[in-house]
Amino acid sequence: MNDFAGAAGLIALLLVMLLNLTRTGRTKGQGNYTRPWVRGRVPARKPQPIVLAEHAALWRARAKELADLGDAAGAERAIQEAHLSEARANREKNVGRASAMSKASLAELAAREEARMAAREAERRIALAILFMPAGQRERYQREWYAEMDTLSAQEASAFALQLLWSAPRTGAMLWLKDTFGRRPA
């Protein structure tokens, strides 16, 4: 019974943490942070264009390293990150000249980046949901859930992963109870 109380406490703690992660509302960056001696809102510090340009150079160097190692896909992703960093640096400098990439390709890269971030978020949610499953069944559930996510768009996959994460503690507890007190032959 002591193990059950510990497992129930752990599940309750994880549910509270999950609730805090998914809660929407005011974040640290929102609100009016005024002091009596400061009028208005204190402006946030913006990234400097020089630092962003150096960031692009680092990505280009990484792309060359990956190309030398034979990782063409990784090199292509690094080049795309370099282009995004350059675009951010140009935007921060408010330079009117056109960049090497067209606005359409920058919009495509931004959309691709948003989809990649949604996919990574879904993967993190699945990884957390897997922790609630019994150790012997984690690999099977992981394969099944990733196969289901491969058929969905990025936004649908993110919603699916959130739904799985919400139901994972209950499912894991039911599987654990079935394994522990399962049916016995009559």
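In this chain, residues are counted from 1 in sequence order.
- The distance from atom CG of Leu109 to atom CD1 of Ile79, rounded to the nearest 0.5 Å, is 11.5 Å.
- Summarising the geometry, atom CH2 belonging to Trp176 is positioned 8.5 Å from atom CD1 belonging to Ile11; distances are rounded to the nearest 0.5 Å.
- When all heavy atoms are compared, the tightest approach of Ala115 to Ala154 is O-CB, 3.9 Å.
- What you find for Ala157 and Leu152 is that their closest heavy atoms are N-CB, 3.9 Å.
- Residues forming a side chain to side chain donor-acceptor pair (under 3.5 Å) with Glu121 (at least two apart in sequence, or on another chain): Arg125.
- Contact detail for Ala67 and Ala75: the closest heavy-atom pair is N-CB, 4.0 Å.
- Looking only at side-chain heavy atoms (C-beta outward), Ile130 and Trp145 come within less than 4.5 Å of each other.
- For the pair Glu113 and Glu81, the minimum side-chain heavy-atom distance is below 4.5 Å.
- Under a cut-off of 6.0 angstrom, the local environment of CD in Glu139 is sparse, with at most 12 non-hydrogen atoms contributed by other residues, nucleotides or ligands.
- Taking CZ of Arg62 as the start and CZ of Arg77 as the end, the distance is 10.0 Å to the nearest 0.5 Å.
- No donor-acceptor pair closer than 3.5 Å links the side chain of Gln137 to the backbone N or O of Pro134.
- In the hydrophobic clustering of this structure, Tyr141 groups with Phe160; members are Ile, Leu, Val, Met, Phe, Trp, Tyr whose side-chain heavy atoms approach within less than 4.5 Å, directly or through other members.
- Residues Met117 and Leu128 are members of separate hydrophobic clusters, defined by side-chain heavy-atom contacts under 4.5 angstrom among Ile, Leu, Val, Met, Phe, Trp and Tyr.
- Under the 4.5 Å side-chain criterion, counting only non-hydrogen atoms from C-beta, Arg143 is not in contact with Arg138.
- At least one donor-acceptor pair closer than 3.5 Å links the side chain of Thr171 to the backbone N or O of Ser167.
- For Arg120, there are no salt bridge (Lys or Arg N to Asp or Glu O under 4.0 Å) partners at least two apart in sequence or on another chain.
- Heavy atoms only, all atoms of each residue included: Leu165 and Ala129 are closest at CD1-N, 3.6 Å.
- Looking only at side-chain heavy atoms (C-beta outward), Gln142 and Met133 stay at 4.5 Å or farther from each other.
- The distance from the CG atom of Leu175 to the CZ atom of Arg170 is 10.5 Å, given to the nearest 0.5 Å.
- Interatomic distance, Leu164 CG to Glu144 CD, rounded to the nearest 0.5 Å: 9.0 Å.
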